[in-house]
**Q** 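The following block contains the structure, expressed as C-alpha cells.
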Amino acid sequence: MSQQVTRSGSIEEQERAREEGDKKPKSRRPANTAFRQQRLKAWQPILTPKSVLPLFFIVGIIFAPIGGVLLWASSLVQEISIDYSECSSKAPTDSYASVPHYSATFKSSTAISAPTWRKSINESSGTVTCTLLFEIPNELPAPVFMYYRLTNFYQNHRRYVQSLDLNQLIGDAVSYNTVKGGVCDPLAVNTTAQKVYYPCGLIANSFFNDTIGKPQILDPNAPENDKQFYEMTTKGIAWASDKELIKPTKYSMDDVLPPPNWLWASENGVYKEDPNLHENEAFMVWMRTAGLPSFSKLSRRNDTHGMPAARYSIDIVDRFNVTEYDGTKSILISTRTVLGGKNPFMGIAYVVVGGICVVLGALFTLAHLVRPRKLGDHTYLTWDSNQPSTAIATGRDNAP
C-alpha cells in the first residue's frame, strides 16, 4: 500500500510539474518585431560641407531679391500721416499753426508745406472740432484709403479681447441675468436701471468715436459757398466675415442702454435711435481687434477716382482721448500696390536674412578651403555591436 501511495503521489507531482512547465512566464519585453524593436529603415542625412554650403547660397540668392521687390513695392506707396493727438490742447482757435508731427511720401519731388491745424469749440455741447490743412502735390491713383492710426493701445490684452457677447452681436436678445456676470463684466449691465448694455463689453465701449469728415478741396478761385469734396465712403471698409457676424438685433431700444462712452449715440443715457450695428462698418472694423499696440484701421475709401493734387481741409470732431494713456492718434491717407500698403519691414527682413546667409556661406567656404576638417566614418555610428567593450576585455586580461 505504501508503495502504491508513493507511486501515485509521484505521478501527480510529475503531472503538476509538466503543467507548470507548459505555462509561459509573464514578461514585459516588447514583441520581437521591427516596429517594436526600432529596427525600421530610416534615412539620416549626414551634414557635410558639400551639402550645407550650397544651402546658404541658395537661401541668400532667393531671399535677397524677394526683399528687394518688397522694398521697391513699398516705396511706390504714397501717403501722408498727420498726428492730431494734442489738437484739443495745443491748436489755436483764431488762426492756423504748424502741426508738430507728420510724415509724407509722394512721387513728386516738389517740397510740400507743413500741415497746419486749428480748433473750434462748440459752446453748447463743449465738443472740439479739429481742422487740418494739408497738401497733396500730385494726384494719388485710385484706390485711395483713409485710416486712423493709434499707438500704445493694447487691443490684444487677453481680458479685452474676450470682453464681448457673440450672441448679442448675431442679433439675439440676451437676457439681463444671462449677460450679468459674464465675459462682458464690468460693462455688461446697468444695475441701477436693471438694463443690459448693447453692445456690451470693453471692446464696444472703447469704440473709436472721433468723427472724421470728407476731405474738402480748397480752391482759391471757387466761390466761398461752393465747397468741393473728395468723395470717400464708409461702405466696403469691413471684411465680409465681419458683416456675417453682426446681424440686426431683436432688442427693443427701450430695453437696453448704450455703452457709457457712446455719448455720440445717446441722449440722457438712452439711445437716440436704433444704432443699426449690422450696417455700421466702422464698428465692425473696430471689433476686429488688432494684434499689436500700434495699428491702423480703415475709415474711408475711394476705389474709382484718384485724389487730385490740391490743398485739402479735414474736420475731425475730437472725442477720443489718447493723452490719458500716453498714446497718439493720426489720420493717414494712403495708396497701395499689389503687395499691399507701405510696410518696409518685410523687405528689410528678407534682405537681411539673405545677406547673412551669403556672408556665412562665403566665410564657411573659405574656412573649408583653407583648413578643411577630416570627416569621421559614419559606419562606426552603430549601437548594434556584439563586441565586448574595451574596459571588460582589459579587465579579463589583467585578471589573476
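Values reported hereafter were calculated over all heavy atoms of this structure, with side chains retained and with hydrogens, waters and symmetry mates removed. Predicted, not measured: the structure shown is a model, and the values here were computed from it.
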**Q** Does the cation-pi check pass for Lys297 over Phe295, that is, NZ or CZ under 6.0 Å from the six-membered ring centre and within 45° of its axis?
**A** yes

**Q** Do you see a donor-acceptor pair shorter than 3.5 Å between the side chains of Asp83 and Ser85?
**A**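 Present: a donor and an acceptor within the cut-off.
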
**Q** Does a side chain donor of either Thr33 or Arg39 reach within less than 3.5 Å of an acceptor in the other side chain?
**A**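 Distance-only check fails for Thr33 and Arg39.
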
**Q** Taking the six-membered ring for Trp, are Phe364 and Phe56 parallel (under 30°), tilted (30 to 60°) or perpendicular (over 60°)?
**A** perpendicular

**Q** Any heavy-atom pair between the side chains of Tyr84 and Val99 that's under 4.5 Å?
**A** no

**Q** Do any N or O atoms from the side chain of Trp117 and from the backbone of Pro92 form a donor-acceptor pair under 3.5 angstrom?
**A**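 Not a single qualifying donor-acceptor pair exists.
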
**Q** Between Lys329 and Asp318, does any side-chain N to carboxylate O distance fall below 4.0 Å?
**A**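 Looking at Asp318 together with Lys329, the answer is yes, because their closest N to O distance falls below 4.0 Å.
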
**Q** Walk me through whether Ser299 and Tyr148 qualify under side chain to side chain contact (heavy atoms under 4.5 Å, CB included).
**A** CA-CA 7 Å; Ser299 175; Tyr148 59 88; 4.0 Å; yes

**Q** So for atom NZ, which belongs to Lys195, do other residues, nucleotides or ligands contribute more than 12 heavy atoms lying within a distance under 6.0 Å?
**A** yes

**Q** Look at atom NZ of Lys90 and say whether more than 12 heavy atoms of other residues, nucleotides or ligands are closer to it than 6.0 Å.
**A**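 Not buried by this count: 12 neighbours or fewer within 6.0 Å.
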
**Q** Check whether any side-chain heavy atom of Leu187 lies under 4.5 Å from a side-chain heavy atom of Leu202, and answer yes or no.
**A**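 When only atoms from C-beta onward are counted, Leu202 and Leu187 do touch, with a gap below 4.5 Å.
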
**Q** Check the surroundings of atom CD in Glu273: do more than 12 heavy atoms from other residues, nucleotides or ligands lie under 6.0 Å from it?
**A** no

**Q** If only atom types and distance count, is the side chain of Gln168 paired as donor or acceptor with the main-chain N or O of Cys200 below 3.5 Å?
**A**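 The answer is yes, because a donor-acceptor pair under 3.5 Å joins these two groups.
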
**Q** With no hydrogens and no angle check, do the side chains of Thr131 and Asp315 hold a donor and an acceptor under 3.5 Å apart?
**A**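 Yes.
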
**Q** Do Arg311 and Ser113 get their side chains close enough for a donor-acceptor pair, meaning under 3.5 Å?
**A** yes

**Q** Determine whether Asn209 and Trp262 make a side-chain contact, defined as any pair of heavy atoms from C-beta on separated by less than 4.5 Å.
**A** no

**Q** Does the side chain of Ile212 come within less than 4.5 Å of Met146's, by heavy atoms?
**A**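 Result yes, sub-4.5 Å side-chain heavy-atom pair found.
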
**Q** With clusters defined by side-chain heavy atoms of hydrophobic residues (ILVMFWY) lying less than 4.5 Å apart, directly or transitively, does Ile203 cluster with Leu257?
**A** no

**Q** Without hydrogens or angle criteria, can the side chains of Ser206 and Tyr160 be said to hold a donor-acceptor pair below 3.5 Å?
**A**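 The criterion, which ignores hydrogens and geometry beyond distance, is satisfied for Tyr160 and Ser206.
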
**Q** Is there a side-chain contact between Met287 and Leu164, using heavy atoms and a 4.5 Å cut-off?
**A** yes

**Q** Can you tell me how far the NZ atom of Lys119 sits from the CD atom of Glu86, to the nearest 0.5 Å?
**A** 11.0 Å

**Q** In terms of side-chain geometry, is the basic nitrogen of Glu281 or Lys235 positioned less than 4.0 Å from the acidic oxygen of its partner?
**A** no

**Q** NE2/His278 to CD1/Ile170 distance, rounded to the nearest 0.5 angstrom?
**A**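 If we round to the nearest 0.5 Å, His278:NE2 and Ile170:CD1 are 14.5 Å apart.
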
**Q** Can you tell whether the side chains of Arg319 and Asp210 come within less than 4.0 Å, N to carboxylate O?
**A** no

**Q** Is there a donor-acceptor pair under 3.5 Å between the side chain of Tyr271 and the backbone N or O of Tyr198?
**A** yes

**Q** Should Glu244 and Trp239 count as side-chain neighbours, where that means a heavy-atom distance under 4.5 Å?
**A** no

**Q** Flag the pair Asn156 / Thr289 as yes when at least one side-chain heavy-atom distance between them is below 4.5 Å, and no otherwise.
**A**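 With C-beta onward as the side chain, the pair stays apart.
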
**Q** With under 30° as parallel and over 60° as perpendicular, where do the rings of Phe208 and Phe320 fit, or are they tilted in between?
**A** tilted

**Q** Which atom pair, heavy atoms only, marks the closest approach of Ile112 to Pro137?
**A**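 Nearest pair, atom of Ile112 first, then Pro137: CG2-CG, 3.6 Å.
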
**Q** Shared ILVMFWY cluster between Met284 and Leu166, side chains joined below 4.5 angstrom?
**A** yes

**Q** Checking the side chain of Asn276 only, and the main-chain atoms of Glu279 only, is there a donor and an acceptor separated by less than 3.5 Å?
**A** no

**Q** Between Thr335 and Gln78, is any side-chain donor less than 3.5 angstrom from a side-chain acceptor?
**A** no

**Q** Heavy-atom distance under 4.5 Å between the side chains of Leu71 and Val69, does that happen here?
**A**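 The answer is no; the side chains never approach within 4.5 Å.
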
**Q** Roughly how far, to the nearest 0.5 Å, is the OH atom of Tyr312 from the CD atom of Gln228?
**A**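 These two atoms lie 9.5 Å from each other.
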
**Q** Taking all non-hydrogen atoms of both residues into account, name the closest pair between Phe229 and Lys214 and its distance.
**A** CD2-O, 3.7 Å

**Q** Determine whether Ile80 and Ser103 satisfy the following criterion, side chain to side chain contact (heavy atoms under 4.5 Å, CB included), listing intermediate values before the conclusion.
**A** CA-CA 6 Å; Ile80 181 170; Ser103 62; over 6 Å; no

**Q** Taking Arg373 for its side chain and His368 for its backbone only, find out whether a donor-acceptor pair lies under 3.5 Å.
**A**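 No; judged by distance alone, with no hydrogens or angles, the pair does not exist.
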
**Q** With rounding to the nearest 0.5 Å, note down the distance linking CG in Leu132 to CD in Gln216.
**A** 12.5 Å

**Q** Please confirm whether the backbone N or O of Gly201 pairs with a side-chain atom of Asn205, one donor and one acceptor, at under 3.5 Å?
**A** no

**Q** Between Gln162 (side chain) and Arg159 (backbone), is there a donor-acceptor pair under 3.5 Å?
**A**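 No, the answer is negative, given that no donor and acceptor are paired below the 3.5 Å cut-off.
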
**Q** Looking only at heavy atoms, what is the nearest atom pair of Ile331 and Ile314, with distance?
**A** CD1-CD1, 3.7 Å

**Q** Under a 3.5 Å threshold, yes or no: a donor from one side chain and an acceptor from the other, between Thr328 and Thr151?
**A**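 On atom types as modelled, these side chains qualify, holding a pair under 3.5 Å.
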
**Q** Using every non-hydrogen atom in the two residues, find where Asp172 and Tyr251 come nearest and quote the distance to one decimal.
**A** O-CE1, 3.8 Å

**Q** Would Val179 and Val161 show up in the same hydrophobic cluster when neighbours are defined by side-chain heavy atoms closer than 4.5 Å?
**A** no

**Q** Could you tell me whether Lys272 atom NZ has more than 12 heavy atoms of other residues or ligands within 6.0 Å of it?
**A**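 Atom NZ in Lys272 is packed in, count exceeds 12.
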
**Q** Looking only at side-chain N and O atoms, does Ser266 offer a donor or acceptor that is under 3.5 Å from a partner on Asn268?
**A**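 No - no donor-acceptor pair under 3.5 Å links their side chains.
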
**Q** Decide whether Leu332 and Met307 are clustered together by the hydrophobic rule: side chain heavy atoms of Ile, Leu, Val, Met, Phe, Trp, Tyr closer than 4.5 Å, transitively.
**A** no

**Q** Once rounded to the nearest 0.5 Å, what's the spacing between atom NE2 of His101 and atom CD1 of Ile82?
**A**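 Spacing of NE2 (His101) from CD1 (Ile82) equals 13.0 Å.
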
**Q** Assigning hydrophobic clusters by single linkage (Ile, Leu, Val, Met, Phe, Trp, Tyr; side-chain heavy-atom cutoff under 4.5 Å), is Phe145 placed with Tyr230?
**A**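 In one cluster with Phe145: Tyr230, no.
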
**Q** Please round to the nearest 0.5 Å and tell me the distance separating atom CG of Leu76 and atom CG of Leu339.
**A** 9.5 Å

**Q** Apply the test side chain to side chain contact (heavy atoms under 4.5 Å, CB included) to residues Thr249 and Leu277: give CA-CA distance (whole Å), side-chain angles for both, the deciding distance (0.1 Å), then the verdict.
**A** CA-CA 8 Å; Thr249 183; Leu277 298 182; over 6 Å; no

**Q** Have Asn321 and Thr323 got a donor and an acceptor in their side chains that come within less than 3.5 Å?
**A** yes

**Q** Quick check: closest heavy atoms across Met253 and Pro275, and the distance to 0.1 Å?
**A** SD-CD, 3.5 Å

**Q** Should Thr337 and Val77 be marked as a side chain to side chain contact (heavy atoms under 4.5 Å, CB included) after you check the CA-CA gap, both sets of side-chain angles, and the distance that decides it?
**A** CA-CA 7 Å; Thr337 65; Val77 176; 3.9 Å; yes

**Q** Phe283 and Trp264: ring-ring contact (aromatic ring centres under 6.0 Å, His included), yes or no, with the steps?
**A** CA-CA 13 Å; Phe283 175 74; Trp264 51 275; 9.0 Å; no

**Q** Looking only at heavy atoms, what is the nearest atom pair of Lys342 and Ser75, with distance?
**A**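 Heavy-atom minimum between the residues: NZ-CA, 4.1 Å.
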
**Q** Does one side chain, of Arg149 or Ser296, offer a donor that lies under 3.5 Å from an acceptor on the other?
**A**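 Present: a donor and an acceptor within the cut-off.
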
**Q** Under 3.5 Å, side chain of Asn152 to main-chain N/O of Tyr325, donor-acceptor pair present?
**A**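 Checked: pair present.
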
